[in-house]
Trainee: 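Below is a structure I'd like to ask you about.
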Amino acid sequence: MTLLVTGGAGFIGANFVLDWIAAVGEPVVNLDKLTYAGNLANLASLAKDARHVFVQGDINDRALVAGLLAKHRPRAVVHLAAESHVDRSIHGPADFIATNVVGTFSLLEEARAHWTALAEPDKAAFRFLHVSTDEVYGSLGPHDPAFSETTPYAPNSPYSASKAGSDHLVRAYHHTYGLPTLITNCSNNYGPYQFPEKLIPLMIVNALAGKPLPVYGDGQNVRDWLYVGDHCTAIRAALQRGRPGEVYNIGGAAEMKNIDLVRTLCATLDSLRPCAAGSYADLIAFVKDRPGHDRRYAIDARKIRSELGWAPAESFVSGLRKTVQWYLDHGDWIAGVQSGEYRKWIDLNYGNRESQIANR
Ligand code: NAD
Ligand code: DAU
């Protein structure tokens, strides 16, 4: 019994692999290209564990994927490999189409070939679980109901459009070929090992370095936050108990305006690592908005809660405190990911993003 996990050296993937091996104990073959976002340091605790087999490679390398399926005969594919950052998709969408759309297609084709040749009961038990995002549903108004599994798709960024394309392909492979697929659409994650290009870790590393905390636009955009460990237990529940062909929305019922989140984060840092110069909140700087910035996301997670009995274990306050403490304890990890490439990205994304509003 083995899982083939793609993107398992990234933020959610690494948390999933660590959680899976600790909780289930079943071996994992981890296929990851190790882009800027992939980091084997995330999996250092498994370095001597025979249950984790790491393979560096691209999901678009069909011969490699076919060989891994034939050799390891996994009972499921858990597909997390993706380009995942909205701002990067605005600066350069090509990689998002290559990995998220074409890569998912390549993986589906190889999984279908493998699954078609399986004998019963392995064929019926096989699963292809595609990890996706709430961003495929577009942007909500302040009083709109939260996204459910039947909300029409309306992606607004190259990233969300590429994830929507991949979701449609997965759906079609179930409908047309009968491949036993599952799709999960999750809200914003935060927690250990998140690359400091995303809001929460970027704010933590900037605050600790005494740098400005760049809040886009008016800071009133709303996201629905979920601790990454809770996302991992939800993926596990969908894999173990989800019905093939179904979609499950995952979220923590923790909607928050960005500016409120950043202020809460600063208060958490103030209490865990007080700064002699005053509050970290003094570093908040409003900057030019992200083009096409979605105003609000919110997830209706009633289906996964009632059908699969899943519920998050962390509140936003407890999850955020754990996360801040993790970054405070892992200065080496932060230094390791802040390479020359990271600095180039910070210059590209923030260099010309002039300060918009001095104080709000
Ligand atoms: P991440 O950017 O941290 O990690 C992505 C991983 O995929 C990296 O290890 C990278 O090396 C690998 N990868 C990229 N292209 C590849 C390719 N062509 N072949 C093989 N490996 C490749 O992303 P994340 O935040 O961990 O997100 C994981 C998945 O979850 C993505 O599919 C994302 O769309 C989805 N998701 C993320 C969030 C979130 O808040 N981060 C929320 C919902 C859904
Ligand atoms: O909703 C799920 C999605 O959440 C995932 O599918 C994506 O992979 C993940 O990156 C995330 O997308 P967002 O664009 O919501 O995440 P990000 O952390 O980039 O931004 C969160 C909010 O904070 C968003 O409204 C933009 C804002 N922001 C972000 C950054 C990096 C700022 O105000 N300043 C910043 O510097």
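Computation of the quantities below employed the complete heavy-atom set of this structure, encompassing side-chain atoms and omitting hydrogens, waters and symmetry-equivalent molecules. Start at 1 and go down the list; that is how both ligands and their atoms are numbered. Position 1 is the first residue of the sequence; numbering continues from there.
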Trainee: With a 4.0 Å heavy-atom cut-off (strictly under), which part of Ala82 contacts ligand 2: side chain, backbone, both or neither?
Mentor: neither

Trainee: Does only the side chain of Asn60 get under 4.0 Å from ligand 1, or the backbone, or both, or neither? Count heavy atoms.
Mentor: neither

Trainee: Record the part of Tyr159 in heavy-atom contact with ligand 1 below 4.0 Å; permitted values are side chain, backbone, both and neither.
Mentor: side chain

Trainee: Using a 4.0 Å heavy-atom threshold (strictly under), name the region of Asn188 that reaches ligand 2: side chain, backbone, both or neither.
Mentor: both

Trainee: In the protein, which heavy atom is nearest to atom 8 (C) of ligand 1, and how far is it?
Mentor: Asp32 OD2, 3.6 Å

Trainee: Given that the side chain starts at C-beta and the backbone is N, CA, C, O, which of these parts of Lys163 lies under 4.0 Å from ligand 1, counting heavy atoms, or is it both or neither?
Mentor: side chain

Trainee: Determine whether the side chain, the backbone, both or neither of His293 has a heavy atom under 4.0 Å from any heavy atom of ligand 2.
Mentor: side chain

Trainee: Can you tell which part of Ile59 has a heavy atom less than 4.0 Å from ligand 1: side chain, backbone, both or neither?
Mentor: both

Trainee: Is ligand 2 under 4.0 Å from a heavy atom in the side chain of Leu199, in the backbone, in both, or in neither?
Mentor: both

Trainee: Under 4.0 Å between a Lys/Arg side-chain N and an Asp/Glu carboxylate O for Glu83 and Arg88?
Mentor: no

Trainee: Among Phe11, Tyr159, Tyr137, which one puts a heavy atom closest to atom 6 (O) of ligand 2?
Mentor: Tyr159

Trainee: Can you tell me which portion of Lys198 lies within the under-4.0 Å heavy-atom range of ligand 2? Options are side chain, backbone, both, or neither.
Mentor: both

Trainee: Residue-level breakdown please: for Asp294 versus ligand 2, do any non-hydrogen atoms fall below 4.0 Å on the side chain, on the backbone, on both, or on neither?
Mentor: neither

Trainee: Any idea which of Leu31, Ile200, Leu80 brings a heavy atom closest to atom 28 (C) of ligand 1?
Mentor: Leu80

Trainee: Tell me which protein heavy atom sits closest to atom 15 (N) of ligand 1, plus the residue, atom name and distance to 0.1 Å.
Mentor: Thr99 CG2, 3.5 Å

Trainee: At under 4.0 Å between heavy atoms, is it the side chain or the backbone of Ser187 that contacts ligand 1, or both, or neither?
Mentor: backbone

Trainee: Quiz question: by atom type and distance under 3.5 Å, do the side chains of Lys163 and Ser84 form a donor-acceptor pair?
Mentor: no

Trainee: Should one rank Ser157, Ala37, Pro214 by closest heavy-atom distance to atom 34 (N) of ligand 2, which comes out on top?
Mentor: Pro214

Trainee: May I ask you to say whether Glu307 pairs ionically with Arg241, meaning some side-chain N is under 4.0 Å from a carboxylate O?
Mentor: no

